[in-house]
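When a residue number appears, it is its place in the shown sequence, counting from 1.
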Amino acid sequence: ALMFEANPNLGWRDVQHILVETAEQNDPTDPDWVTNGAGHLFNVNYGFGRVDALAAVTLAQTWTPLLAEAAPISDSRTVALSIPDNDNTGITSNITISGASPTFVIEHVEVIFTATHADRSNLEVVLTAPSGQQSPLALERSGFGINYSNWKFTTVADWGENPNGTWSLRVKDLSSGTTGTFDSWTLSIQGFDTDPAMIDNDHDLLPDIYEDDTGNFVDDTQTGTDPNDPDSDDDGVLDGTEVELGTDPNNPLDFPALPAPGGWALAIAAVGVLLAVGCLRTRARRT
């Protein structure tokens with residue numbers, strides 16, 4: 001409440017960032033303190049530390065509101081392998097993220113985890129980021145329950161890091177007597193881009209800075225499309241795709257003619273995949 005009094009323009013994400021930036025390290029002798037890839041002290045027991053109310057309110061007074069959240073970066077893996085019983089090595093599955101903007105900043109990381117096991121309390125599940133930062137998502141414990149079915153885990157240990165690189169999920173069965181399989185997992189990385197030229201609020205593969213009502217970019221590359229509408233002319237083709245193909249994103253009658261029936265849908269799908277990886281990088285170079 002004091003932070004909002006100091007700055008009524010704060011959003012919930014702004015509050016989180018301010019608390020992370022101003023937190024104090026408590027219990028400094030605890031061995032679990034580590035510095036993550038963005039330079040933040042983090043502890044699996046204490047998070048970022050003790051809230052410093054005075055420092056938080058002071059920073060809130062001059063805080064510039066964050067840019068909008070970016071579309072989550074997500075990928076999945078089907079593993080379908082047996083987890084060795086009572087074994088400290090376990091099974092590791094990797095997901096490699098490449099092509100994310102170098103100015104993307106992680107806020108939250110989610111893992112959707114599925115395992116078939118007669119006693120899930122035997123399992124240890126640890127996520128390791130490209131920076132080497134580890135997030136214990138589940139630890140061996142007492143109790144009993146079967147399976148992890150699309151179980152959502154969330155970690156903030158990678159706050160401020162960049163998502164590019166290899167993410168690893170290791171699953172261990174640390175007690176004997178019951179067995180199971182590591183079935184699948186999904187990684188979802190949430191955050192924002194600190195470069196306004198990379199923001200794409202309507203997810204049309206065209207950064208807002210190239211569209212007409214953002215008020216911060218006007219030159220001969222401007223498209224005149226709506227940054228809040230992914231398909232300004234309602235012709236079924238994303239604005240960014242039309243720009244890349246050389247058609248008019250504001251004219252529903254102007255779209256590429258393909259020689260074979262069905263080719264249009266296939267081409268759009270292919271271009272969409274390519275642009276999802278390369279469009280932001282290409283636009284950044286043009287700016």
Side-chain angles (χ1 to χ4, degrees), residues 30-38 40 42-47 70-100 104 106-191 269-270 272-273 276-277:
D30 186 276
D32 290 324
W33 285 104
V34 295
T35 300
N36 76 3
H40 296 299
F42 185 82
N43 189 304
V44 294
N45 304 304
Y46 300 117
I73 299 169
S74 184
D75 201 356
S76 300
R77 289 289 180 273
T78 298
V79 183
L81 292 174
S82 297
I83 307 168
D85 191 32
N86 195 24
D87 178 83
N88 198 45
T89 300
I91 294 176
T92 299
S93 176
N94 297 327
I95 289 177
T96 298
I97 302 297
S98 62
F104 187 99
I106 295 173
E107 292 176 329
H108 304 88
V109 177
E110 291 183 351
V111 169
I112 308 297
F113 174 63
T114 296
T116 302
H117 200 279
D119 185 358
R120 64 174 179 245
S121 67
N122 292 351
L123 299 183
E124 177 185 277
V125 184
V126 177
L127 177 70
T128 302
S131 66
Q133 175 69 33
Q134 293 191 337
S135 296
L137 304 180
L139 299 177
E140 183 190 19
R141 63 198 185 281
S142 60
F144 182 82
I146 62 169
N147 305 334
Y148 281 101
S149 181
N150 292 318
W151 203 286
K152 181 186 289 187
F153 296 99
T154 303
T155 176
V156 294
D158 305 295
W159 193 276
E161 296 180 353
N162 184 269
N164 284 312
T166 299
W167 295 76
S168 300
L169 192 68
R170 174 170 289 191
V171 181
K172 302 178 185 179
D173 183 339
L174 297 177
S175 295
S176 61
T178 54
T179 59
T181 59
F182 178 1
D183 298 322
S184 63
W185 68 297
T186 296
L187 176 72
S188 181
I189 303 169
Q190 300 170 2
V273 171
V277 175

- prompt: Are Thr181 and Ser82 side-chain neighbours, meaning at least one heavy-atom pair lies under 4.5 Å?
  reply: yes
- line: On a heavy-atom basis, the closest approach of Val44 and Pro136 is CG1-CD, 3.6 Å
statement: Separation between NZ (Lys152) and CG (Leu137), nearest 0.5 Å, reads 13.5 Å
task: Take Leu123 and Phe182 through the side chain to side chain contact (heavy atoms under 4.5 Å, CB included) test and state the conclusion after the steps.
output: CA-CA 10 Å; Leu123 299 183; Phe182 178 1; over 6 Å; no
query: Under 3.5 Å, is there a donor-acceptor pair between the His117 and Asn122 side chains?
result: no
Min side-chain heavy-atom separation Asp158-Trp167 under 4.5 Å: yes
- request: First locate atom CD1 of Ile83, then atom CG of Asp173, and finally report the distance between them rounded to the nearest 0.5 Å.
  value: 6.5 Å
message: For a 4.5 angstrom cut-off between non-hydrogen side-chain atoms, does Arg120 reach Arg141?
response: yes
task: Run the numbers on Ser168 and Asn94 for side-chain hydrogen bond (donor to acceptor under 3.5 Å, both in side chains), then give the verdict.
output: CA-CA 4 Å; Ser168 300; Asn94 297 327; 2.6 Å; yes
- prompt: Taking the side chain as C-beta and beyond, is there a heavy-atom pair between Val111 and Leu187 under 4.5 Å?
  reply: yes
task: Hey, could you give me the CD1/CD1 distance between Ile97 and Ile189, rounded to the nearest 0.5 Å?
output: 4.5 Å
- request: Would you please test Phe113 and Val171 for side chain to side chain contact (heavy atoms under 4.5 Å, CB included) and show each step?
  value: CA-CA 10 Å; Phe113 174 63; Val171 181; 3.7 Å; yes
- request: Indicate yes or no: at least one non-hydrogen side-chain atom of Val125 is less than 4.5 angstrom from one of Trp151.
  value: no
- prompt: For residues Thr114 and Asn150, is any side-chain donor paired with an opposing acceptor at under 3.5 Å?
  reply: yes
message: Quick one, Thr128 and Arg170 - any side-chain contact, counting heavy atoms below 4.5 Å?
response: no
query: How about Asp183 and Thr116: does a side-chain donor come under 3.5 Å of a side-chain acceptor?
result: yes
message: Tell me the closest heavy-atom pair linking Glu161 and Gly37, and the distance in Å.
response: OE2-N, 2.6 Å
task: Kindly give the heavy-atom pair with the smallest separation between Gln190 and Phe104, and that separation in Å.
output: C-CZ, 4.2 Å
field: Phe153 vs Glu110 side-chain heavy atoms within contact, under 4.5 Å
entry: no
message: For Ile95 versus Arg77, what's the shortest heavy-atom pair and its separation?
response: CG1-CG, 3.4 Å
message: Looking only at the side chains, is there a donor atom on one of Thr166 and Thr96 sitting less than 3.5 Å from an acceptor on the other?
response: yes
statement: Closest heavy-atom pair, Pro163 versus Ala100, reported as atoms and distance to 0.1 Å, is CG-CB, 3.8 Å
message: Contact between Leu169 and Val79 at the side-chain level, heavy atoms closer than 4.5 Å - yes or no?
response: no
field: Donor-acceptor pair between Ser74 and Ser188 side chains, under 3.5 angstrom
entry: no
- prompt: Is the CG atom of Leu81 crowded by more than 12 outside heavy atoms at less than 6.0 Å?
  reply: yes
query: For Thr154 and His108, which heavy atoms make the closest approach, and how far apart are they?
result: CG2-CB, 4.4 Å
